Amino acid sequence: MCVTMGQFAARFYRGVFVSGGRSDTVKNRVCGLIAAMQSPHKSTNINPRTAAPPHHPSTSAPPRYEFIDFLDVGNTMTLTQEIANLTEDSGQDRPEDNVQIGSIQGTVVGLRYYTGTVNRGEMVALVRQPQNPYDRNAVMVANVYGSQVGHIKKELAAPMAYIMDNSLARVEGVVPYGETNKFSMPVNLTFWGKEENREAVHNQMRRHGFRLGTEIKGGTTQTSLGRNLLGLSSKISAIPLTVEELKNAFDKLFDDLMEDKTREMEPAKAVCTSLLPHQKQALSWMTSRENSNDLPPFWEEKSGFYFNVLTNFAVKERPEKVLGGILADDMGLGKTLTTIALIVSNFHNGKPLPLEQCILNCIFMYVDHEESHEAVSSSQLKRQHADGISADTIEEDVPQKKAKSTEQSAKKPANTKKGVVLLDDVDFAAALECSSSHVGPAKKSAKKGSGIGKVPSGGSVSSGAKATLIVCPLSVLSNWLDQFEQHIRADVTLKVYLYYGAERNRSVKLLSEQDVVLTTYNVLSSDFGNKSNSPLHKVKWLRVVLDEGHVIRNPNALQSKAILDLQSERRWILSGTPIQNSLKDLYMLLSFLKLKPFDVKEWWNRIIQRPVTMGDRVGLKNLQALVKGITLRRTKNSKVAGRTLVQLPERRVFMQHVTLSDEEREEYEQVKKEGRKIIGRYFEEGTFMTNYADVLAILVRLRQYCCHPSLVGKHTGGDVPGTPSELRERLINKITLVLNSGSDEECAICLDSLRQPVITYCAHVYCRPCICEVIRSEKEQARCPLCRAEIKTKELVEYPGEEKEAGPATGENWRSSSKVDALMSNLLKLRNEDPTVKSLVVSQFTRFMDLIEVPLREYGFSFTRLDGSMAQKARSKAIQDFQDSSPGSPTIMLLSLKAGGVGLNLTAASRVYLMDPAWNPAAEDQCVDRCHRLGQTRDVVITKFIVKDSVEENMVKIQKKKQELVDKAFGVKKSQDRKQSRIDEIRALMEI
DNA sequence: ACCGCCGGGTGCC
DNA sequence: ACCGCCGGGTGCC
């Protein structure tokens, strides 16, 4: 297969910029108008007053919003999104936020001005319209599709506006019976909120002459579902689930969703790896999900209408298909391979992806196009091919790739057997025929008039979309490239474009013409951040695949927004852990899949989140059905025909205690004494949090002492900052410490691992995009979310990257440490026993890795290294070298704990030495999983070095506690609790 | 809207 | 005739 890399194509296509993309249609402007009228916060150029309101007295015919248009506008502020924004921040994850405060029947008026319709029992959204020129208390009513239905009658809207604007309660509406006249209809309003607001809500209503009841009286015939919609289920239907039941159900939510998903499918011939049975099942299921004509979950066809049984919403138009889903297989079951198989096996209309065949092609064509006298010679084809891989451009990127692929394609033509196979293969023939649409001109003419293809050229393609976009974390980028190369036959050209790096080609046309475009979440969101110019958002993708898709779980993160804005026919989420913390995580996944109406927060909350949180059985049942319909998940223990999918070799963990030498012990105790004094003072002063970076620094220093005394850098804590440049230096010191502390500090805004970390003048570390967003939205008075100090964009200090400062002495005056000695004796013994065994030596301190390099060299070990500071190409080289099994290849990889992240494949190793304990035991597990995964043939032995009587032993205790918590508890604590538990941890560590 | 409300036309029975 | 009553025009926010 031929990989097209960003840099090369950047040159080859330089200058070809396609200005495609959306034009500002009337439709979009209407959307803007609506947005402007609804929300005072969203600025638009259109003044709602000068743009005549649609029903202004001077307008003769009652104008209508074409609301149906909102459904297909991808990236404009739509009514639907407005509704979403409204509920975005309202806390309702806990049962206590969801007390039913009362209900009342109200009236929706003005129906005749709007197109939105509602049925009996249908849920409606209530949206404040503070900018309404007639009444600033206006409350708009919209149906599930986001079409406006009418307004709440003004007398009732007045108290509701107050309640809604002050977040005293959320109001949900259900229309008890459908329209009986053209002008108004009743609506049952239910108020939800915290118990403490009950009084205020009731009072406010009473002041305006309304009395909230506890039940909706005159309830019409409600099915159990209908009752659920009215929010009465907690009172009327069965006993709510206990916390325990709920946790259980939740744990099982994603367990083994494979019943009825056991049909197998062979991949297209372009895949040269044979798939395991469970992978063929996944391929079959994914293919059927993409080609499905079924209605999305919870939709039914009823007498010419499409009816959503959960919201009771009905439409004439068939709801948009949801093509794709969640492949949630455990790590190591081959999600990547299955996805690759899907890409080449299921193009349009169930046909394989048309792929140009490199050299073999000409044999095929020669035979079949004899009469056309235009047979393409081998050399011509070669040249075309070379055009595609313009030689001068490859070298800097992945030289070994080029070498390999050309070598392979050069070898293959000799093999005529394959050519025969080819002729017999109708699918492949058809596929080749289709390829005429995107190959060079010489080829095109050769194809014309040919009669082989069963499918007329181009006719099988139901839309222009061609390319698959794969978005993944940087750490698995090279894995994707490797896997494409490994699993796609060398004699077919799969156009894979790596959209990465400064030189990436931003031509929409180029990107659209690829078979696969590979990029990272970072690149995608940084492009997206520069609004006007994100080529990835201009391409109409055939398929978008999110690898490790759970990373978009935070809807406020820029990268999540960037993902949601992509246009695609089919959408996939690959994730071993689709739900990481709470049910909420699922919302973003559904939102990405465009699974209506759950892609809008309000409906997600009302139909799933709230009921389930409150222990409602019907809600849980719906959730289960929902997940089951779109998810395939198998675990390592799942069985196919009585056998577990994958038998992984054993994995054993040993803890090796290291005793410090007297000298080391003395230094250690000295540092510990000082540290306790300082941290103790912070506790007394109550300045713990503001000095957090210093506290971390002290801990890091202790942990470094346990590894090697030379690791410990110069003393940085406690001084007073002087000049700005000194301050800057101090901040850089701090951010470096925080990032290298291995404590997996998270950004307090997105709660995710730090991306593009920056430090504020008040010494708190955030992702740059996150904190910039905060500063932008708070304008002048932006404050640090952690300490409320004033912050400015220009005062953010960036992490300068890993500078190889005057680090530990690795030269002449190198000395060993107890821990290094322990490691070396292990490694030497191992080499004696079996020189082919490969090991991962894992540390959180890259400078410790520097130190370890010295004795490794001294004893003649061949090793490689992978750490966070390495560029992508260096990483892939390191991985490739290590995975290589030929004699003389490195037997040791120095691996920084955080360098890989999930997905990294290091199965060549069967020994893991964890040099220093991590705060987060999951990080260690993840690291071990890099070699203990599919493809591992040996038993894996893990050795953890722990220094006796030290901070490390305490860390192990904390690790155990954490693990118990994870095993027991449902979900993770709120960030406030997290902060507290982090403080508690530090107390325990320092024995304060 | 088979309502409510407004404002003009009207005015014993 | 500064009222009542009638009946047409009209109607979200």
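Throughout, protein chains are lettered first and strands after them, A, B, ... in sequence-line order, and every chain is numbered starting at 1. What you see is a predicted model, and the numbers here were worked out from it, not measured in a lab.
Residues A:K194 and A:D97 are paired through a salt bridge, judged by an N-O separation under 4.0 Å between the basic side chain and the carboxylate. A salt bridge links A:E172 with A:R610; the closest basic N to acidic carboxylate O contact falls under 4.0 Å.
A:Y113 qualifies as a stacking partner of the C:dC12 base, centre to centre under 5.5 Å and near-parallel within 30°. Residue side chain A:F183 meets the stacking definition with respect to B:dA1: its ring centre sits within less than 5.5 angstrom of the base's six-membered ring centre, and the planes differ by less than 30 degrees.
The distance between atom CE of A:M185 and atom P of C:dC13, rounded to the nearest whole Å, is 15 Å. The OH atom of A:Y114 sits 10 Å away from the P atom of C:dC13 (whole-angstrom rounding). When the C1' atom of C:dC13 is taken as reference, atom CE of A:M140 falls 11 Å away, rounded to whole Å. The NZ-C1' distance, from A:K182 to B:dC2, rounds to 13 Å in whole Å. In this structure, A:L111 atom CG and C:dG11 atom P are separated by 16 Å, rounded to whole Å. In this structure, CZ of A:R112 is placed 11 Å from P of C:dT10, rounded to the nearest angstrom. One can place CG of A:L156 at 17 Å from P of C:dC12, the figure rounded to the nearest angstrom. Protein atom NZ of A:K154 is 8 Å distant from nucleotide atom C1' of C:dC13, rounded to whole Å.
B:dG4 and B:dG9 are spaced 26 Å apart, taking the P atom of each and rounding to whole Å. For the C1' atom pair drawn from C:dC12 and C:dG8, the interatomic distance equals 22 Å after rounding to whole Å. To the nearest whole angstrom, the two C1' atoms, one in B:dC2 and one in C:dC13, are 25 Å apart. Between C:dA1 and C:dC6, the two C1' atoms lie 15 Å apart (nearest whole Å).
If you check every strand for non-hydrogen atoms under 4.0 Å, A:K153 touches sugar and phosphate atoms only. Looking at heavy-atom distances under 4.0 Å, A:I152 makes contact with sugar-phosphate atoms alone, never a base.
Regarding the sugar-base torsion, C:dA1 falls in the syn class, its angle being within 90° of 0.
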(Q) Working note: A:Q609 + A:W604, criterion side-chain hydrogen bond (donor to acceptor under 3.5 Å, both in side chains); need CA distance, chi angles, decisive distance, verdict. (A) CA-CA 6 Å; A:Q609 173 101 38; A:W604 161 255; 3.0 Å; yes
| request: Determine, stepwise, if the pair A:E122 / A:N119 fulfils side-chain hydrogen bond (donor to acceptor under 3.5 Å, both in side chains). | output: CA-CA 5 Å; A:E122 187 175 328; A:N119 302 295; 3.1 Å; yes
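When the nucleotides C:dC12, B:dA1, C:dC13 are ranked by their closest atom to the side chain of A:D135, C:dC13 comes out on top.
With a cut-off of 3.5 Å on both Watson-Crick or G-U wobble distances, the partner of C:dC13 is given as none. Of all nucleotides present, none satisfies the Watson-Crick or G-U wobble test against B:dC2 with each distance under 3.5 Å.
Using a 3.5 Å distance cut-off with no hydrogens or angles, the side chains of A:N137 and A:K154 do not pair a donor with an acceptor.
For A:Y134 and C:dC12, a side-chain-to-base donor-acceptor distance below 3.5 Å is absent, hydrogens and geometry of angles not being considered. For C:dC13, its base sits under 3.5 Å from the side chain of A:N132 at one donor and acceptor pair at least.
For the atom pair OG (A:S103) and CG (A:L189), the distance works out to 8.5 Å, reported to the nearest 0.5 Å.
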